[in-house]
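Please read all numbers here as calculations on a predicted model, not as lab measurements. Just so we're on the same page: letters track the sequence lines, and every chain starts at 1.
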Amino acid sequence: MKYDHKAIEKKWQDAWEKAGVFHAENNSTKPKYFALIEFPYPSGQGLHVGHPRPYTALDIIARKRRMQGYNVLYPIGWDAFGLPTENYAIKNHIHPAQVTKKNVARFKEQIKSLGISFDWSREINTTDPEYYKWTQWIFLQLFKHGLAYKKEMNVNWCTGCKCVLANEEVVEGVCERCGSPVVHKVKSQWMLKITDYAQKLIDGLDDVDYPERVKTQQKNWIGRSEGAEVDFKTTAGDTLTVYTTRPDTLFGATYMVISPEHPYIEKWKDRLGNLDAIRDYQKKAARKSEFERAEVAKDKTGVKLEGVSAVNPVNGKEIPIFISDYVLMTYGTGAIMAVPAHDTRDWAFAKKFGLPIIEVVKGGDVEKEPFTDCASGEMVNSGFLNGLTVEQAKQKIKDYMEEKGFGHRKVNYKLRDWVFARQRYWGEPIPIVHCDKCGYVPVPEEQLPIRLPEVESYELTDDGESPLAKMTDWVNTTCPKCGGPAKRETDTMPQWAGSSWYFLRYTDPHNDKAFAGKEAMKYWLPVDWYNGGMEHTTLHLLYSRFWHKFLYDIGEVPTPEPYAKRTSHGMILGENGEKMSKSRGNVVNPDDVVNEYGADTLRLYEMFIGDFEKAAPWNTSSMKGCRRFVERYFALQNILVPGDKIRPEMEGPFNKTIKKVSEDIENLKFNTAIAALMSLLNGIAANGAINREEMRIFTLLLDPFAPHVAEEVWANLQYNDQLACQQPWPAYDDSKCQDASIEIAVQVNGKVRAHITLPADVTKDAVLETAKANEKIAIEINGKSLVKEIYVPGKLVNLVVKG
RNA sequence: GCGGAUAUGGUGGAAUUGGCAGACACGCCAGAUUUAGGUUCUGGUGCGCAAGCGUGCAGGUUCAAAUCCUGUUAUCCGCACCA
């Protein structure tokens, strides 16, 4: 029998499909299991060798769960809206829908060749009007609950994509997708009020099983801080409010700073003696891109406001006010009280402008450097706060300001609202109509979906208008409220819209009355295990949690969190250890691997390559080792002997391996699970024979990893036409995981000097006696005094001697 | 700058309730099979001639440290004027 991967893999993929064994049942009495991978963007390049890593990992989970008796939902679909498709369409004058269709067909063929147990009957596509109808429906619910609003504001504008970006899409001043510089533009934009969910998004993390680094990243992104808003009276007769996390240092506030965009400048303009200089500074600040701001971040600039100053509410001292771009209008109140003695930025600014520095917490030398790490310090120069700790002072001053009415406790978040509009064609139309009389009016739900119109050109414009704006027939409509003339919204939703709820659709993908049936969601939710990339932590993962929490609050979904467990896979790098890319010439095509070595080998190698959560470089010859393992397993059929029980000498190895593989799969340690199977195979080969029962168990253990070859061997074992993937997962007996005899290392003063082999049930005294009697050990300890004897049961003995 | 992670043979990586470092695999060396190459099989393979030495580096705790503590270096990731 020769191992022919091409014939075997095709044969079993067809057989599984014909039998429909991977279809999830919506009306089942079995326990459910919902395994999820991030559905792919069907790009023109086709599948990348990185795609199969997470697919295979959760396929192993899904297959094992089915064998454990679960009704498993392991679905797939296409996240198909997005820029690359649109750009390709523009360049080649093909409709993006056509491009998408072609790319999906190719992806589907490639993924099917891997033998992943997806339920293809639930395949979804975010660009399908029957799908995006519900994306639009959810948007309307957000609008009706006041969480979608249109606002004129300063937005991130990508000079490459020629559209606005969400904060989450700007990385170090450039576009996370295309790398082009991001500049600021004032535009009227649709926004989603994710900030209303800041606290819920933090609190929910306590109830889910995510990696710590994912939780930390989301918490840092949301950026909760506790402090106070404090009112300072000004000489203009009004009140300037600041936000601070250090109200305890109020006595050390020697000046104030407001952001260049602060509205008070307009209010105070007639009083300001140096308005020209101020206007000049405002203009310079506005012109800076995100990137430039980051570049010059360390150098403090600013202008003092001549003619208006503020009064410190605790000591009545008059202090100057500056404008400076180190204060952001988008955080807090856009104004700060500056305490140079205990804040690095304020200190740098004070030094540059020669402003007084007053120490209010003892312990540093504030003339030399700011003393910021002062949580354990004692308050000084602070009137009634003197002698208190920082923490006590914080509480006391907050009580005091609330009592006197010049301030109150306040929690702030760094999280900004989500800019939810793109000036592009290939996205979901926003279902809103603008009427001069009625304002923004939602499209009635029964008119959904608002389909993308056919346009002649998807070309982008520099004026920041969507290509849809040119479609006057489509744009001009009537107001659903008053019937008068009105215009459709021409911006589309961002790439992240369709993926914010797609897992819900999987539970009931063909429902035409709702985005998913309540019964179906009640049965399937939450997702039990969701694997995806770290790069989505503050994008898709955060966005979809937000949508889900909103849907929960309005009673549309049954669980407060969408995903019970989240894991993250590492990237597969090129052979040279660099990221795979066309330009580096180190791309490995999965088609070639499947062709030459087979899907089972590819699956095994991608799992064996290293720690699942870490990046690992591809190595073709290392992969051949996995091919050898498959061939050696297949060849076991040549040394097959009868027997319906594990032979006594093989009970230890088999029970141990079943246990190891079972546990390792649950802990994402696929690499060591495969190593255990390899070890067992080596043991069997050394033994020279395998009986039918042993072959049955080995085959079931291998099945989740290399399902095609396992299925083939299973068929050869002739268990009445049953499928291997439908068999129960093998059980182990803990009492049989131990070998009959054990090897114990004997150390003298911590150094291994000998090994002794003894029966597994040996007593401590017997071990010590045998150890001391050992030749090599006797030489080491003779004539010396024995100080201590340590015995670690079943593992080692350490004899401590002196002299 | 702040926060987090990582560092183990020629290579990918095992082993962290402190208990034999290097499982498993690649590569390499030797032998067998083969007309030859490849394949396959068997054996060997951390370094050192040796005593010994070895988990980025320097200390420490312990009978015992890759694992715990202190300091330090390098790489990667996240955040980056958030008051």
Nucleotide by nucleotide, 5' to 3', does protein get under 4.0 Å of the base (B), only the sugar-phosphate (S), or neither (-) in nucleotides 5-20 of chain B, counting heavy atoms?
-> -------BSSS---BB
Quick one: what's the B/S/- string for nucleotides 44-52 of chain B, heavy-atom cutoff under 4.0 Å, read 5' to 3'?
-> ---------
With pairs defined as Watson-Crick or G-U wobble and both distances under 3.5 angstrom, please note down RNA chain B as a dot-bracket string, | for pairing with another strand.
-> (((((((..(((......[....)))((((((.......))))))((....))..(((((..]....))))))))))))....
Could you state the atom-to-atom distance from [atom1] of [X] to [atom2] of [N] in whole Å?
X: A:Glu212; N: B:G3; atom1: CD; atom2: P; result: 17 Å
X: A:Arg628; N: B:C41; atom1: CZ; atom2: P; result: 8 Å
X: A:Glu575; N: B:G27; atom1: CD; atom2: C1'; result: 13 Å
X: A:Glu535; N: B:C77; atom1: CD; atom2: P; result: 13 Å
X: A:Arg632; N: B:C24; atom1: CZ; atom2: C1'; result: 12 Å
X: A:Met534; N: B:G4; atom1: CE; atom2: P; result: 15 Å
X: A:Met678; N: B:C24; atom1: CE; atom2: C1'; result: 7 Å
X: A:Tyr597; N: B:C26; atom1: OH; atom2: P; result: 13 Å

Below 4.0 Å: OP1/OP2 of B:A83 and any side-chain N or O of A:Tyr326 =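 Looking at the OP1 and OP2 atoms of B:A83, neither is under 4.0 Å from any side-chain N or O of A:Tyr326.
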Looking at A:Arg246, does any N or O in its side chain come under 4.0 Å of the phosphate oxygens OP1/OP2 on B:A83?
->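 Checking B:A83 against A:Arg246, no side-chain N or O comes under 4.0 Å of OP1 or OP2.
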Lys/Arg-Asp/Glu bridge criterion (N-O < 4.0 Å) met for [X], [Y]:
X: A:Glu606; Y: A:Arg53; result: no
X: A:Asp209; Y: A:Arg566; result: no
X: A:Asp4; Y: A:Lys6; result: no
X: A:Lys772; Y: A:Glu789; result: yes

Using a heavy-atom cut-off of under 4.0 Å over every strand shown, decide if [X] touches base, sugar-phosphate, or nothing.
X: A:Thr216; answer: nothing
X: A:Thr330; answer: nothing
X: A:Asp346; answer: nothing

Using distance alone, with no hydrogens and no angle criterion, decide if [X] and [Y] have a side-chain donor and acceptor under 3.5 Å apart.
X: A:His569; Y: A:Glu613; answer: no
X: A:Asn671; Y: A:Asp611; answer: no
X: A:Gln218; Y: A:Thr538; answer: no
X: A:Ser225; Y: A:Tyr413; answer: no
X: A:Thr239; Y: A:Asp231; answer: no
X: A:Asp346; Y: A:Tyr326; answer: yes
X: A:Thr234; Y: A:Tyr264; answer: no
X: A:Gln199; Y: A:Arg224; answer: yes
X: A:Trp221; Y: A:Glu168; answer: yes
X: A:Asn619; Y: A:Ser621; answer: yes

Could you give the distance separating [M] and [N] at their [atom1] atoms, to the nearest angstrom?
N: B:G56; M: B:A74; atom1: C1'; result: 8 Å
N: B:C79; M: B:G60; atom1: C1'; result: 34 Å
N: B:G19; M: B:A66; atom1: C1'; result: 13 Å
N: B:G44; M: B:C53; atom1: P; result: 26 Å
N: B:C20; M: B:G31; atom1: C1'; result: 31 Å
N: B:A7; M: B:A15; atom1: P; result: 12 Å
N: B:U45; M: B:C77; atom1: C1'; result: 36 Å
N: B:A64; M: B:G10; atom1: P; result: 28 Å

Step through the shown structure and confirm whether more than 12 heavy atoms of other residues, nucleotides or ligands are within 6.0 Å of NZ on A:Lys193.
->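 No, NZ of A:Lys193 has 12 or fewer neighbouring heavy atoms, counting only those of other groups under 6.0 Å.
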Residue whose closest nucleotide on RNA chain B lies nearer the 5' end, A:Glu631 versus A:Asn220 =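 Its nearest nucleotide being more 5', the pick is A:Asn220.
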Which residue lies more 5' along RNA chain B, comparing A:Ala676 with A:Ser225 via nearest heavy atoms |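 Looking at the nearest nucleotide for each, A:Ala676 comes out on the 5' side.
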Taking only nitrogen or oxygen atoms into account, show me every contact under 3.5 Å that the protein makes with nucleotides 29-31 of chain B, one pair per line with its distance.
none

Anti versus syn assignment for B:G9, with syn defined as within 90° of 0 =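 B:G9: syn.
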Contacts of type side chain to side chain contact (heavy atoms under 4.5 Å, CB included), residue A:Asn682, not counting sequence neighbours |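 In terms of side chain to side chain contact (heavy atoms under 4.5 Å, CB included), with neighbours along the sequence ignored, A:Asn682 is linked to A:Arg632.
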Indicate, with yes or no, if the rings of A:Tyr3 and A:Tyr633 have centres closer together than 6.0 Å.
->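 Centroid distance A:Tyr3-A:Tyr633: not below 6.0 Å, so no.
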Report, one pair per line, the protein and nucleotides 65-67 of chain B atoms (nitrogen or oxygen only) whose separation is under 3.5 Å.
none

So, does the side chain of A:Lys300 form a donor-acceptor pair with the base of B:C81 at under 3.5 Å?
->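 Counting by modelled atom types and ignoring angles, a donor-acceptor contact under 3.5 Å is found here.
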Between CG on residue A:Asn167 and OG1 on residue A:Thr330, distance to nearest 0.5 Å =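 It comes to 8.0 Å.
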